[in-house]
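Reading through the structure tokens given below for one structure.
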Amino acid sequence: GILVQLPLPKHLNQELIIESINPNKDVDGFHSTNVSKLLSGNDVDTFMIPPTPMGCLQLIEHADVPLVGKHVVIIGRSNLVGKPLASLLLSYDATVTICHSKTRNIKNITKNADILIVAVGNPHMVKEDWIKPGACVIDVGITYLDDNTTKRGYKIYGDVDFENVKKIAGHITTVPGGVGPMTITMLLYNVLKSAKNTI
């Protein structure tokens, strides 16, 4: 498997480098062949899916949260998480809404979500009054803020105000320790898939 650690330095052409990878070895799922297969709703076993979206899907499935007909709200429209995750969840018959920095009345949208996935890098942006009671909440965001009271000199924050939102949510992931380990696991899964496809 091959992955390109992004972002690349500005003098390097990111698109050219990613497109130079064999799609069967593209364990990040960023090659245009893998992206187009995801967008077209092909069988998910036939191509590489980006690890973070796939990790989110695995967390939802492990919690026995049904996707068919459920309203999923994704905050964040990045090419790394938001867009591929929306396509992936649509292929599982969920109803998907994507919110972003220009979305108006975002709290009114998130309050109707059966599943809320947040991936923006804005510490504790999502408060408990944004959450539908019993909703599944997946926090992809991670921010490091200076904090001299800690041994490391910083604290890690997610996009969700975990301590308060957990009182309302049916399921919720922590930061760190939730999506991060699943991303690594799915990356290794893609490496295994690549090896099997090569044999």
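Scope of the values below: all heavy atoms of this structure, side chains included, with no hydrogens, waters or symmetry mates.
- Side-chain atoms of Val137 and Phe162, non-hydrogen and from C-beta on, never get closer than 4.5 Å to each other.
- Contact check for Ile18 versus Leu6: side-chain heavy atoms found under the 4.5 Å cut-off.
- The closest side-chain heavy-atom distance from Thr52 to Leu80 is not below 4.5 Å.
- One finds the SG atom of Cys56 at 11.0 Å from the CE atom of Met186 (value rounded to the nearest 0.5 Å).
- Under the 4.5 Å side-chain heavy-atom criterion for ILVMFWY residues, a single connected hydrophobic cluster contains both Leu8 and Ile2.
- Residues Lys102 and Arg77 meet the side-chain proximity criterion, which asks for heavy atoms closer than 4.5 Å.
- At a threshold of 4.5 Å between non-hydrogen side-chain atoms, the residues Leu67 and Ile115 count as touching.
- Heavy atoms only, all atoms of each residue included: Asp159 and Pro123 are closest at OD1-N, 4.3 Å.
- Note on Val96: it clusters hydrophobically with Val140, by side-chain heavy-atom contacts below 4.5 Å among ILVMFWY residues.
- A distance-only check finds no donor-acceptor pair linking the side chain of Gln14 to the backbone of Pro7 [under 3.5 Å].
- In this structure a side-chain-to-backbone donor-acceptor pair under 3.5 Å is missing from Ser194 to Asn190.
- A distance of 9.0 Å separates OH in Tyr189 from CE in Met48, rounded to the nearest 0.5 Å.
- Annotation for His71 and Ile109: closest pair CE1-O, 4.3 Å, computed over non-hydrogen atoms.
- Between the side chain of Asn122 and the backbone N or O of Met125 there is no donor-acceptor pair closer than 3.5 Å.
- Using modelled atom types and a 3.5 Å distance limit, the side chains of Asn24 and Asn197 yield no donor-acceptor pair.
- With hydrophobic clusters built from ILVMFWY side chains whose heavy atoms lie under 4.5 angstrom apart, Phe30 shares a cluster with Val179.
- When all heavy atoms of Ile98 and Thr103 are compared, the pair lying nearest together is O-OG1, 4.5 Å.
- Across all their heavy atoms, Gly178 and Thr173 have their closest contact at CA-CB, 4.3 Å.
- Checking side-chain atoms of Asp139 against main-chain N and O of Val175 turns up no donor-acceptor pair under 3.5 Å.
- Judged purely by atom type and a 3.5 angstrom limit, Asp28 has no side-chain atom pairing as donor or acceptor with the backbone of Pro50.
- Under the 4.5 Å side-chain criterion, counting only non-hydrogen atoms from C-beta, Ile106 is in contact with Trp130.
- Within the model, atoms CD1 of Ile117 and CD1 of Ile138 stand 4.5 Å from one another, a figure rounded to the nearest 0.5 Å.
- Here the shortest heavy-atom pairing between Ile74 and Gly76 reads CG2-O, 3.5 Å.
- Two residues are said to be in side-chain contact when any heavy atoms from C-beta on lie closer than 4.5 Å; Leu39 and Ser36 fail this criterion.
- No more than 12 heavy atoms of other residues, nucleotides or ligands sit less than 6.0 Å from atom NZ of Lys155.
- Here His124 contributes atom NE2 and Leu145 contributes atom CG; the two are 9.0 Å apart, rounded to the nearest 0.5 Å.
- The cluster map of Ile, Leu, Val, Met, Phe, Trp and Tyr, joined by side-chain heavy atoms under 4.5 Å apart, puts Leu88 and Ile75 in different clusters.
- Side-chain N or O atoms of Asn164 include none that pairs as donor or acceptor with a backbone N or O of Glu128 at under 3.5 Å.
- Residues Leu85 and Pro53 come closest through the heavy atom pair CD1-O, 3.7 Å.
- The shortest side-chain heavy-atom distance between Phe47 and Thr33 does not fall under the 4.5 Å cut-off.
- Here the CG atom belonging to Leu57 is positioned 9.0 Å from the CE atom belonging to Met182, to the nearest 0.5 angstrom.
- To the nearest 0.5 Å, the span separating CG on Asp161 from NZ on Lys166 amounts to 10.5 Å.
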Ile172 vs Val165, test: side-chain contact (heavy atoms from CB on, under 4.5 Å). Steps then yes/no. CA-CA 8 Å; Ile172 187 168; Val165 170; 3.6 Å; yes
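- Cluster annotation: Leu90 is connected to Ile49 through the hydrophobic network of ILVMFWY side chains, with a link wherever side-chain heavy atoms come within less than 4.5 Å.
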